Amino acid sequence: MSYSTLEIEHSGKTATIWMNRPDVHNAMNETLIAELTAAFTHLQLQADCRAIVLAGRGKSFSAGADLDWMRRAAGYGEEQNLADAQRLAAMLKSIYRSKKPVIARIHGAALAGGTGLAAVCDVAIATEAAKFGLTEVRLGLVPATIGPYVADAIGWRQARRYFLSAERIDAATALRIGLVHELVPAEALDARVADIAEAMAQGAPQALSSAKDLLAMLREGSPWDDQLLEDTAGQIASVRAGAEAREGLAAFFEKRAPNWLEAGLDAPSPQPLSHKGRGALSGDVDK
């Protein structure tokens, strides 16, 4: 597939999606949104892809929304605005619900929608100089489509502060509140992201997908929920009886690599477990 706003690189079992609008700090417009949705949808079907990295070319990860796009959107009617917002929501959902693990490689600005992109990824690794922020209210807007993901990442108490104050969030604060998992020096960013992607690629393909479904179940449940406990017991029983688990356990006891590592085999995607489904303007970006 060809894209005008993205570049996709493959290294081993990892696909890196580069947002490629460096002149506007990878700000999102309708084209980038559509192409991100298409790229994540396409990679779900690629057996040789086990992990996905989301990254940005140039000085920034993503500065949020493209101001020219928002200027056009200001002239839309309610129906057009709703369709536009639904496309953004669909893109965020396609990343969050990816059956392949997704790692955000964050440097420079990750503002507004860029903060949302960090939140929808399974793992977020940032440089020590990265900066975040939910700047929407200063423009008369709200962080609506990214809101569920950001609030889930940082917790409702922190969300109350940053949704309302629009303060810049430095990298150390982003780490402390759970927006990112790890900070590294800029020169170590690629190596660290590659290490994590390689670790994820060691996992069995169907097990990785099932683990993400399990996380969705746990997010909505509680150890006091007997039905959840019953469902998790049922899940492990089903997985244990499957071909992938039999191969993984046999490989362990026989002290050999499982076939998904030796031959790059992929397993059919499992049926998703039942769960409810659960963004974006930038502020100024220092040039």
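None of the values given here were measured: they were computed from a predicted structure. Because only heavy atoms are used, hydrogens play no part in the values below, and waters and symmetry mates are left out as well, while side chains stay in.
Electrostatic pairing of Asp170 and Lys131 does not count as a salt bridge here, judged by no charged N lying under 4.0 Å from a carboxylate O. Ion pairing between Asp66 and Arg71 fails under the 4.0 Å rule for side-chain N and carboxylate O. Looking at Arg219 and Asp152, a side-chain N of the basic residue comes within less than 4.0 Å of a carboxylate O on the acidic one, giving a salt bridge. Using a 4.0 Å cut-off between a side-chain N of Lys or Arg and a carboxylate O of Asp or Glu, Glu7 and Arg57 qualify as a salt bridge. Checked for salt-bridge contact, Arg161 and Glu167 meet the test: a charged N lies under 4.0 Å from a carboxylate O.
A donor atom on one side chain and an acceptor atom on the other are found under 3.5 Å apart for Glu35 and Thr5. In this structure, a donor-acceptor pair under 3.5 Å is absent between the side chains of Thr14 and Glu198. The closest side-chain donor-acceptor pair between Asp225 and Ser222, if any, does not fall under 3.5 angstrom. Using modelled atom types and a 3.5 Å distance limit, the side chains of Gln227 and Asp231 yield a donor-acceptor pair.
Looking only at side-chain heavy atoms (C-beta outward), Trp18 and Ile8 stay at 4.5 Å or farther from each other. At a threshold of 4.5 Å between non-hydrogen side-chain atoms, the residues Met19 and Leu32 count as touching. Between Leu54 and Leu117 the shortest side-chain heavy-atom distance falls below 4.5 Å. Side-chain contact between Ile103 and Ile196: present, with at least one pair of heavy atoms (C-beta onward) separated by less than 4.5 Å. The closest side-chain heavy-atom distance from Val123 to Met200 is below 4.5 Å. Here the side chains of Ile154 and Tyr149 are not in contact, with every heavy-atom distance at 4.5 Å or above. Residues Ile95 and Cys121 form a side-chain contact, since some pair of their non-hydrogen atoms from C-beta on lies under 4.5 Å apart. A 4.5 Å side-chain heavy-atom check between Arg97 and Lys212 finds every atom pair outside the cut-off.
For Ala124 against Ile106, the heavy-atom pair with the smallest separation is CB-CD1, 4.0 Å. Between Lys13 and Ala201 the shortest heavy-atom distance is CB-CB, 4.0 Å. The two residues Ala171 and Phe132 have their closest heavy-atom pair at CA-CE1, 4.4 Å.
Side-chain N or O atoms of Glu247 include one that pairs as donor or acceptor with a backbone N or O of Asn259 at under 3.5 Å. Of the possible donor and acceptor atoms, none in the side chain of Thr115 sits under 3.5 Å from a partner among the backbone N and O of Leu134.
Between Leu92 atom CG and Arg87 atom CZ the span is 13.5 Å, to the nearest 0.5 Å. Expressed to the nearest 0.5 Å, how far CG of Leu218 lies from CG of Leu215 amounts to 6.0 Å. Rounding to the nearest 0.5 Å places OG1 of Thr31 at 10.5 Å from CH2 of Trp69. Atom CD1 of Ile125 and atom CD of Glu182 lie 4.5 Å apart (nearest 0.5 Å).
The side chain to side chain contact (heavy atoms under 4.5 Å, CB included) test with Ser98 singles out one residue from Ile52, Thr41, Leu43, Val120, and that residue is Ile52.
The neighbour count for Arg160 CZ, taken as heavy atoms of other residues, nucleotides or ligands under 6.0 Å away, does not exceed 12.
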